[in-house]
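Following: one structure in structure tokens, then a few remarks.
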Amino acid sequence: MSTENHHRDDRDRRERPKSAAAEPAPPSLVPPPNALPPVRHPDAPAPGELLGSHYDHCFGCGEGQPHGLHLQARAGDGVTITAEFTVQSAHQGAPGLAHGGVLATALDETLGSLNWLLRVIAVTGRLETDFVRPVPVGTVLFLQAEITAVAGRKIYSRAQGRIGGPDGPVAVRAQALFIEVKVEHFTENGRADEIRAVMSDPDQIRRVRAFEVNP
Ligand SMILES: CCCCCCCC/C=C\CCCCCCCC(=O)SCCNC(=O)CCNC(=O)[C@H](O)C(C)(C)COP(=O)(O)OP(=O)(O)OC[C@H]1O[C@@H](n2cnc3c(N)ncnc32)[C@H](O)[C@@H]1OP(=O)(O)O
């Protein structure tokens with residue numbers, strides 16, 4: 001690299017904001033003026049209840065994924081969720097540290113679980129993640145998430161992950177926009193084999209979760 005490029009790199013570094021967290025959220029993550037507070041569905045799992053996996057082969061929560069996160073989400077009060085996952089050796093990026101994409105997955109899965117408290121199926125449209133601290137392998141990451149607002153099909157939410165438990169230091173944060181979809185989103189875009197398998201799932205809760213959209 002030439003000396004000139006070195007100088008340009010130095011200047012770029014100086015001009016970059018110190019912390020992405022200090023930046024205002026992009027407009028698409030700010031609820032519009034007509035957004036409403038989220039409404040907990042009367043049949044949502046009671047506060048304290050484990051949600052269970054929505055799909056056995058889900059990388060975030062499925063029991064049928066040996067290297068998955070096996071994240072367990074629990075309903076909280078209002079439209080909030082807590083979740084835990086233990087960072088395994090298979091989740092490393094740097095030696096002994098969790099991969100950032102895996103941490104983003106944990107946030108995505110926790111935020112995705114929130115939508116079940118509205119009894120809505122929704123997919124991630126936008127997920128913005130701040131990585132605040134390294135997360136060592138073996139850590140129990142304790143996640144807290146809430147829906148902040150709903151505007152039509154758009155669901156605004158945020159989450160944070162703490163090291164060790166609810167009082168641990170914050171390691172990751174996220175803001176997200178989920179978009180409500182119909183079941184056809186999955187049936188028309190997913191692979192036929194997996195769709196067939198899900199439709200014959202004997203677990204009634206999971207079937208209901210997949211198909212009973214806005215009862
Ligand atoms: C038989 C089987 C059944 C199985 C059922 C299982 C149910 C289980 C329950 C739940 C599963 C959850 C699984 C958990 C995993 C964690 C969650 C994930 O990781 S999900 C995977 C990652 N995400 C995607 O793959 C989305 C890919 N994207 C899309 O499919 C589309 O882009 C989609 C649906 C998001 C939107 O497309 P449009 O055509 O429906 O709608 P448009 O008009 O484009 O957007 C609607 C509004 O949202 C805004 N929007 C959309 N995307 C945005 C973005 N990226 N940023 C900002 N705004 C966005 C738009 O500007 C628009 O806003 P304005 O109404 O005009 O105000």
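All heavy atoms count here, side chains included; hydrogens, waters and symmetry mates do not. Position 1 is the first residue of the sequence; numbering continues from there.
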**Message:** Using 0.5 Å steps for rounding, measure from the CG atom of Leu71 to the OG1 atom of Thr86.
**Reply:** 9.5 Å

**Message:** Using every non-hydrogen atom in the two residues, find where Ala104 and Thr129 come nearest and quote the distance to one decimal.
**Reply:** CB-OG1, 4.1 Å

**Prompt:** Just how far is it from atom CG of Leu117 to atom OG1 of Thr80, taken to the nearest 0.5 Å?
**Reply:** 7.5 Å

**Item:** Heavy-atom pair of closest approach, residues Pro169 and Arg133
**Value:** CB-NE, 3.3 Å

**Asked** Would a distance-only check, ignoring hydrogens and angles, find a side-chain to backbone donor-acceptor pair under 3.5 Å from His70 to Gln65?
**Response** yes

**Message:** Take a 6.0 Å sphere around NE2 of His67 and say whether it holds more than 12 heavy atoms from other residues, nucleotides or ligands.
**Reply:** no

**Request:** Apply side-chain contact (heavy atoms from CB on, under 4.5 Å) to Tyr156 and Ile147, showing your working.
**Result:** CA-CA 6 Å; Tyr156 297 84; Ile147 295 182; 5.9 Å; no

**Item:** Exercise: identify the closest heavy-atom pair between Leu111 and Ala145
**Value:** CD2-CB, 4.1 Å

**Message:** Keeping Arg40 on the side-chain end and Val79 on the backbone end, is there a donor-acceptor pair under 3.5 Å?
**Reply:** no

**Message:** Taking Val132 as the starting point, is it possible to reach Phe85 by hopping between hydrophobic residues whose side chains are less than 4.5 Å apart?
**Reply:** no

**Message:** Between Leu103 and Leu141, is the side-chain contact (heavy atoms from CB on, under 4.5 Å) condition met? List the steps.
**Reply:** CA-CA 9 Å; Leu103 298 173; Leu141 194 68; 4.0 Å; yes

**Asked** Is it true that Phe59 and Val87 fall in one hydrophobic cluster, defined by side-chain heavy atoms closer than 4.5 Å?
**Response** yes

**Message:** Lys154 vs Val150, test: side-chain contact (heavy atoms from CB on, under 4.5 Å). Steps then yes/no.
**Reply:** CA-CA 6 Å; Lys154 296 186 289 186; Val150 178; over 6 Å; no

**Fill in**
By side-chain contact (heavy atoms from CB on, under 4.5 Å), Gln160 pairs with (sequence neighbours left out) Gln144, Arg162, Val170, Arg173

**Message:** I'd like to know if the side chain of Thr139 reaches the main chain of Val135, judged simply by a donor and an acceptor atom lying under 3.5 Å from each other, with no hydrogens or angles considered.
**Reply:** no

**Asked** Quick one: does His99's side chain have a donor or acceptor within less than 3.5 Å of a partner on Ala90's backbone?
**Response** no

**Request:** Report the distance from atom OG1 of Thr110 to atom CD of Glu84, rounding to the nearest 0.5 Å.
**Result:** 10.5 Å

**Prompt:** Can you find a pair of side-chain heavy atoms, one from Tyr55 and one from Glu194, that are under 4.5 Å apart?
**Reply:** yes

**CD on Gln72 to SG on Cys61, rounded to 0.5 Å** = 10.0 Å

**Asked** Between atom OG of Ser157 and atom CG of Leu107, what is the distance when rounded to the nearest 0.5 Å?
**Response** 10.5 Å

**Message:** To check you understand the geometry: which heavy-atom pair defines the closest contact between Leu29 and Leu177, and what is its length?
**Reply:** CD2-N, 3.7 Å

**Those residues that, when tested against Asp108, pass side-chain contact (heavy atoms from CB on, under 4.5 Å) (two or more places apart)** = Thr124, Leu127, Phe178

**Prompt:** Would you call Arg158 and Glu146 a salt bridge, taking side-chain N to carboxylate O under 4.0 Å as the test?
**Reply:** yes

**Prompt:** Under 3.5 Å, side chain of Gln92 to main-chain N/O of Leu97, donor-acceptor pair present?
**Reply:** no

**Message:** Please determine whether residues Leu114 and Leu51 belong to a single hydrophobic cluster, defined as Ile, Leu, Val, Met, Phe, Trp and Tyr linked transitively by side-chain heavy-atom distances below 4.5 Å.
**Reply:** yes

**Item:** Shared hydrophobic cluster, Val123 / Val183 (ILVMFWY, side-chain heavy atoms < 4.5 Å)
**Value:** yes

**Fill in**
Those residues at least two apart in sequence (or on a different chain) that pass side-chain contact (heavy atoms from CB on, under 4.5 Å) with Arg196 are Ala192, Asp193

**Donor-acceptor pair, side chain of Asn115 and main chain of Gly112, under 3.5 angstrom** = yes

**Fill in**
What one should report as the nearest heavy-atom pair of Leu69 and Gly60 is CB-O, 3.4 Å

**Fill in**
All heavy atoms of Cys58 vs all of Glu109, minimum pair found to be SG-OE1, 3.3 Å

**Exam field: side chain His185 to backbone Lys182, donor-acceptor pair closer than 3.5 Å** = no

**Request:** Consider only side-chain heavy atoms of I, L, V, M, F, W and Y, link residues closer than 4.5 Å, and tell whether Val102 and Phe131 are in one cluster.
**Result:** yes

